[in-house]
Amino acid sequence: MTKRVTILGSTGSIGESTLDLVRRAKPGDIKIVSLTANSNAKKLAAQAIEFNAEYVALANHKNANVLQEALSGTAIEVGVGPEALIEAATRAADFCMAAIIGAAGLEPTLAAVDQGIHLGLANKECLVCAGDLFMERVKAKGTTLLPVDSEHNAIFQVLESDKPEGVRRLILTASGGPFREASIETLKKVTREDALNHPVWSMGAKISIDSATLMNKGLELIEASYLFDRPSSEIDILVHPQSIIHSMVEYIDGSILAQLGSPDMRTPIAYAMGWPDRMAAPVERLDLTKISGLTFFEPDTQKFPSLRLAREALEAGGKAPCVLNAANEIAVAAFLKEQVKFLDIPRIVETALDQHAKQSCFSRSPCDVAEIISTDNEARITAHEHIVSL
Ligand code: NDP
């Protein structure tokens, strides 16, 4: 049977890897329903034509005419603006890949959740900023949530989720990013290009910077807590520079189960898109005889305070993860524009968290999307103000 697939954020790194798998699938196995982008109209149009999409949506109105012109004369329907993204997410599909970057993905991803379909979740930020609400909606709609982040996908593959009492802890692995060995002195001078140059994974710009500050691991910690319903105290993080073990689950009998593979996002994407079956992925095969060693060590939260901040936000609960995420998005965007230094990123996040903690906004979780968006906006303003004051 043909699987109908939608990709939210198809022009990004995860979106392109997903389309690469679709391209290699047997003819007739997968039909592309909707594709979306923010402003990259040219790439979106090219993808829509290649995969004969039914519907495409561009979030930003700026390049709408480029998209409309490129697709004129085709049967592909075009939508523009935030409502068009919701339309893309709600068109009848069997699988939706949620691969928009940042909290901007929250509303379209929730719209896909409401369809009760199989959802591949790459967009961790939407779970970080709206964890309780998101997971309640997943349960209420009977949606099958398939984690795409390689760590969470690994845990999903080895977790006996129907016997939670047998699980002792989850162990998230981290490559350690490009500055694993760097001194604080070196970190002070890190440039945008240095930070974008991840030693193992090839990813979009925002997640590359998050990997360099270790905020990515912090966001993943929060993501894992909501996805697998585990408190912070039952989730450990270990730096594993080889990135061969993508994460592990330790059981109460002392067994540790791990998922191994080459560092290529097409493996977890194939797992999610193919679920409950296995789908072929053209990744480099792991040659166990060539692995000289697997090493693990504790992350340095003095050097990488973002990880500490994320754990504190998870433990504070309420709106704290939403504030953390929003402030981090603003800080990373400013770093990418070379307006702030690398070590300013966690400082901006910490200031936003401190300020919002003073307003005691961490006492309860946001009750609806409007409250999440308003908390997100306030945290962005606080972060902006801090950047201007630097
Ligand atoms: P990219 O930056 O490469 O792509 C982001 C996608 O989202 C693009 O299609 C972009 O469109 C679209 N987009 C950006 N801003 C908006 C907006 N305001 N409204 C609607 N659409 C928008 O990101 P990645 O593919 O690297 O990451 C996507 C998600 O997957 C993130 O949450 C990330 O944390 C997660 N992830 C990524 C991994 C990776 O290897 N890349 C690994 C694990 C998780 P346009 O092209 O027009 O800008």
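All ligand and atom numbering here is 1-based and tracks the order in the structure.
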So, is Gly12 polar-close to ligand 1, with some N/O to N/O distance under 3.5 Å? yes
Enumerate the atoms of ligand 1 whose separation from the nearest heavy atom of Met265 is less than 4.0 angstrom. 40 (O), 42 (C), 43 (C)
How about CD on Glu193, more than 12 heavy atoms from neighbouring residues, nucleotides or ligands closer than 6.0 Å, or not? yes
Check whether any N or O atom of Ile207, backbone or side chain, sits under 3.5 Å from an N or O atom of ligand 1, and answer yes or no. no
Answer yes or no: is there a side-chain heavy-atom contact under 4.5 Å between Glu371 and Asp368? yes
Which segment of Lys124 sits under 4.0 Å of ligand 1 when only heavy atoms are counted: both
Quick look: Leu85 vs ligand 1, heavy-atom contacts under 4.0 Å, and the answer is side chain
Could you see which bit of Ala122 sits under 4.0 Å from ligand 1, with heavy atoms only: side chain, backbone, both or neither? both
If you measure from atom 47 (O) of ligand 1 to every heavy atom of Ala59, Ala57, Ser39, which option wins on shortest distance? Ser39
With heavy atoms of Gly204 as the reference, note each atom of ligand 1 found under 4.0 Å away. 3 (O), 26 (O), 41 (N)
Would you call Leu170 and Glu234 a side-chain contact if the rule is heavy atoms closer than 4.5 Å? no
If you measure from each heavy atom of Ala99 to ligand 1, is any distance below 4.0 Å? yes
If only side-chain N and O atoms count, and only distance matters, is there a donor-acceptor pair under 3.5 Å linking Asn153 with Gln157? yes
Just need the protein heavy atom nearest to atom 41 (N) of ligand 1, so name the residue and atom and give the distance. Ser13 OG, 3.2 Å
Any non-hydrogen side-chain atom of Leu214 less than 4.5 Å from a side-chain atom of Pro299? yes
How long is the span from the CZ atom in Arg168 to the CG atom in Asp236, to the nearest 0.5 Å? 8.5 Å
The one among Val148, Asp149, Thr109, Val128 that brings a heavy atom closest to atom 43 (C) of ligand 1: Asp149
Measure from atom 10 (C) of ligand 1 to every heavy atom in Leu58, Leu8, Thr11, Ile101 and give the option owning the shortest one. Thr11
Heavy-atom count check: over 12 atoms from other residues, nucleotides or ligands less than 6.0 Å from His198 NE2? yes
What part of Glu125 sits under 4.0 Å from ligand 1 if we count only heavy atoms: the side chain, the backbone, both or neither? side chain
Sub-4.0 Å heavy-atom contact, Lys206 with ligand 1: no
Out of Leu44, Thr18, Ile269, Asn38, whose heavy atom is nearest to atom 22 (C) of ligand 1? Asn38
Can you check whether Val33 reaches Cys96 side chain to side chain, under 4.5 Å on heavy atoms? no
Nitrogen or oxygen atoms of Ile14 and ligand 1 under 3.5 Å apart: yes
Are the side chains of Ser150 and Thr267 in contact, using a 4.5 Å heavy-atom criterion? no
Hey, mind stepping through Glu284 and Ser262 against side-chain hydrogen bond (donor to acceptor under 3.5 Å, both in side chains) and telling me if it holds? CA-CA 6 Å; Glu284 200 184 321; Ser262 300; 5.4 Å; no
